[in-house]
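Below you'll find the structure, written out as structure tokens, and then a few comments.
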Amino acid sequence: MCYVRNEKNRRLIMRALILAVIATFAIGSFGQSPVLAASGEEAGRVTNVPEGGRIPVFNCEEDFGIRKALAMLGSMCQKNIVPSPGVDGQLAFRSLRDVTFEEAMDAILGENFVYEQKGNLIKVYTKDEYKKIKEAPERMIYKVFTLYYTSATEMLKLIAPVLSEAGSVQASSPAETIGTTGESITTGTGGGDTMALNDMIVVRDYPENIAEVEKLLKELDVRPRQVLVEATILSANLTEGMELGIDLNLMGGVSITGTDASVADAYNTAVSSQTPIAQIGSGIDGTPLETAGFATAGGNGLRIGVTSGDLAAFITALEEVTDTTVLANPKILAVNKQLGQVYIGTKIGYQSQTTQTQTSTTQEVEFLDTGTKLSFRPYIGDDGYIRMDIHPKDSSGTLKANDIPDESSTELATNIIVKDGQTIVIGGLFRDVVVSSRSQIPLLGDLPFIGAVFRGTTDTMTRQEVIVMLTPHIIDEPEDVENEARIDDIRRKRIGAKDEIQWTSRSRLAEDRYAKAVTYYLENDNVAAMKELRYVLELRPSYLEAIRLKERIIVEANPDERQNLERVMLETVDQKEASKWQRR
């Protein structure tokens, strides 16, 4: 029994000692972080730092040099550090705590040394050595970059900051800069023998600079965005005119200025010129009282006249209203920062200058553009807004008797900011012109009531309105323009125009019979479809859609018949004989 009790006590004592030891180590681990030392003999017992880990403590002795510190750091972090012979010196510190490998390298090397990793080796150089290696001419390489959206001339300026002093760059020649103007085609344009490839640049520099150029090009040479502008331009002219006047003629007869000497009387005797009063005294009819010019003779409108003997009175009243409205709804697509223009109107030609020599006469003809014109240039922001320079104009013109043009114009130029998809009205251009003219006999025309007999009035009011509404849309992808919908609209207009043609015309008959052929084909009635197509091709042998449908029906009915088609047989023979042809 005593042996058993002693054995139990001994086991209890051993368990207590083990627990005490474990508790001691646990308390030590929670109270203090593990230390990695690099001083004296303890350096050989340092635990390795894992890749990407941090060094808790890096202690160095007072006489530690840079080379020895690099060796110890490489041993700790399992790195292959190879310093050049010129790398040496004393450390500027005694201890580092909680640092990464890169931070420890920067602290050890200071400002006089640099390092570079090549594969699994980390090479350390002095600054002069590193500069000499990096600037070695044999390290320079060249690379060709093809540009797709940016010009080579523009790219030369953009990559200049990332090139070294020894680097160089050359660009391809720019393409022909003559752009489309909407004018007649002229000779001497079209690019000539300029390069037909994309713009390119050739860069010669050190590999690290070439890599920076490549990175820069990926950010700069990107597809630009576009802006689709839906414009509604309304131009309205309203003219209202009012004329009212009375002409009064008493004792109508010979001219009020007297008779002519060549006029003979009833006895064929010449009558000399007389004054109006003398005419009345001698019994010759005259016009001592006449008010004229207040009523428009022979004009339109209401004309009321009273004639009794030698007394005549006419009243004319006319009110005229002219209302003209021009509505344009163009859609314009323009690349960011590029000019977009639309013009709907008439070009009025006139002789601007005539040059005459002893042998010839030369006349210069210029054109005055009249109508509705819209020019804009968009600048797309990164927040869904668009800044636009915009210039709408509405004008009309006439030629005077001497062929000098006159132009009436309403226009504005402005710079606006619009949100994508927002509709704005930039042109509420209104102008009212009121002209009131009055012609009368002095004093008599001012009399109340009866003064209307001795005067005439003409009132004219002209109102001009120009309204421009814009809705811009930012286009990131070409399909955002909804081209298919626009094509469908064109097809609808084409069909509508066809229906206006006389039903007896060959074109109308061919179109109608082709429509029947398509209907039969969709109903799987190929026999009836072929019958209609034969009639269509008799009317119009070159009707492309009908030819295509005919071939499709033949191939679908019997695929082997495709080789028997006249077109296919001719193409086959041409291909076989093409190598034997000798063109002279």
Side-chain angles (χ1 to χ4, degrees), residues 51-52 66-67 70 73-74 77 79-89 100-177 191-225 335-338 379-380 382 476:
E51 183 71 23
I66 293 176
R67 299 181 71 87
L70 291 174
L73 181 62
C77 299
K79 301 286 187 180
N80 300 317
I81 303 176
V82 183
S84 69
V87 177
D88 201 0
T100 63
F101 170 78
E102 291 77 11
E103 292 171 343
M105 284 290 291
D106 293 338
I108 294 172
L109 299 180
E111 298 294 333
N112 298 322
F113 307 100
V114 293
Y115 71 94
E116 182 181 33
Q117 183 166 351
K118 295 182 178 180
N120 292 328
L121 295 180
I122 299 176
K123 295 187 176 182
V124 184
Y125 308 96
T126 64
K127 282 193 171 182
D128 293 337
E129 290 174 339
Y130 186 74
K131 182 178 180 182
K132 185 176 181 180
I133 292 172
K134 289 298 181 182
E135 294 180 354
E138 56 270 16
R139 288 186 62 250
M140 299 187 75
I141 62 174
Y142 76 90
K143 188 170 183 180
V144 179
F145 296 96
T146 302
L147 305 175
Y148 299 98
Y149 301 105
T150 310
S151 67
T153 305
E154 189 70 20
M155 193 56 67
L156 289 179
K157 298 182 290 184
L158 298 176
I159 66 173
V162 300
L163 297 177
S164 67
E165 295 182 359
S168 62
V169 58
Q170 292 293 331
S172 58
S173 301
E176 182 66 48
T177 56
D193 60 351
T194 56
M195 188 176 69
L197 300 176
N198 293 82
D199 281 13
M200 293 184 291
I201 58 173
V202 181
V203 183
R204 186 176 186 273
D205 211 329
Y206 301 111
E208 55 272 15
N209 297 93
I210 295 289
E212 290 296 325
V213 171
E214 188 171 8
K215 186 189 304 183
L216 193 61
L217 287 178
K218 289 182 179 179
E219 297 182 7
L220 297 177
D221 190 33
V222 296
R223 184 178 72 249
R225 293 189 290 178
V335 176
N336 185 37
K337 298 175 64 176
Q338 302 301 315
Y379 302 86
I380 302 175
D382 60 350
D476 294 314

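All residue numbers refer to positions in the sequence shown, counting from 1. Because the structure is predicted, anything quoted here is derived from the model rather than measured.
For the residue pair Asn198 and Thr146, no side-chain donor N or O sits within less than 3.5 Å of a side-chain acceptor on the partner.
In plain terms, the two heavy atoms of Leu156 and Ile201 that are nearest each other are CD2-CG2, 4.4 Å. Ser151 and Asp199 make their closest contact through CA-OD2, 3.4 Å (heavy atoms, listed as atom of the first residue, atom of the second, distance). Between Val124 and Leu70, the closest heavy-atom pair is CG2-CD1, 4.3 Å. Val222 and Glu219 get closest at one heavy-atom pair: CG1-O, 3.8 Å.
Between the side chain of Arg139 and the main chain of Lys134, a donor-acceptor pair closer than 3.5 Å is present. In this structure a side-chain-to-backbone donor-acceptor pair under 3.5 Å is present from Gln117 to Gly119. Remark: the backbone N or O of Glu111 is paired with a side-chain donor or acceptor of Lys127 at under 3.5 angstrom.
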Open item on the list: One pair to check against side chain to side chain contact (heavy atoms under 4.5 Å, CB included): Phe101 and Ile122. What are the steps and the verdict?
Closed with: CA-CA 12 Å; Phe101 170 78; Ile122 299 176; 3.6 Å; yes

TODO: Dump the intermediate steps for side chain to side chain contact (heavy atoms under 4.5 Å, CB included) on Leu109 and Tyr125, then the final yes or no.
DONE: CA-CA 10 Å; Leu109 299 180; Tyr125 308 96; over 6 Å; no

Task: Leu147 and Leu217: CA distance, side-chain angles, deciding distance, side chain to side chain contact (heavy atoms under 4.5 Å, CB included) verdict - done: CA-CA 8 Å; Leu147 305 175; Leu217 287 178; 3.9 Å; yes

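To the nearest 0.5 angstrom, Asp88 atom CG is 12.0 Å from Thr126 atom OG1. To the nearest 0.5 Å, atom CG of residue Leu216 and atom NZ of residue Lys218 are 12.0 Å apart. With rounding to the nearest 0.5 angstrom, the CG atom of Asp382 is 8.0 Å from the CZ atom of Arg225. Between atom CZ of residue Phe145 and atom CG of residue Asp221 there is a gap of 11.0 Å, rounded to the nearest 0.5 Å. Note: Leu163 CG to Asp205 CG = 5.5 Å, rounded to the nearest 0.5 Å. Atoms CG and CD1, from Leu73 and Ile108 in turn, are 4.5 Å apart once rounded to the nearest 0.5 Å.
Under the 4.5 Å side-chain criterion, counting only non-hydrogen atoms from C-beta, Glu135 is in contact with Tyr206. Within the 4.5 Å cutoff, the side chain of Met105 has heavy atoms near those of the Ile81 side chain. The shortest side-chain heavy-atom distance between Ile210 and Val203 falls under the 4.5 Å cut-off. Val169 is not listed as a side-chain neighbour of Val213, based on a closest heavy-atom distance of 4.5 Å or more.
Within 6.0 Å of OH in Tyr142 there are 12 or fewer heavy atoms belonging to other residues, nucleotides or ligands.
In this structure, Glu129 does not pair ionically with Lys123, as no charged nitrogen and carboxylate oxygen lie closer than 4.0 Å.
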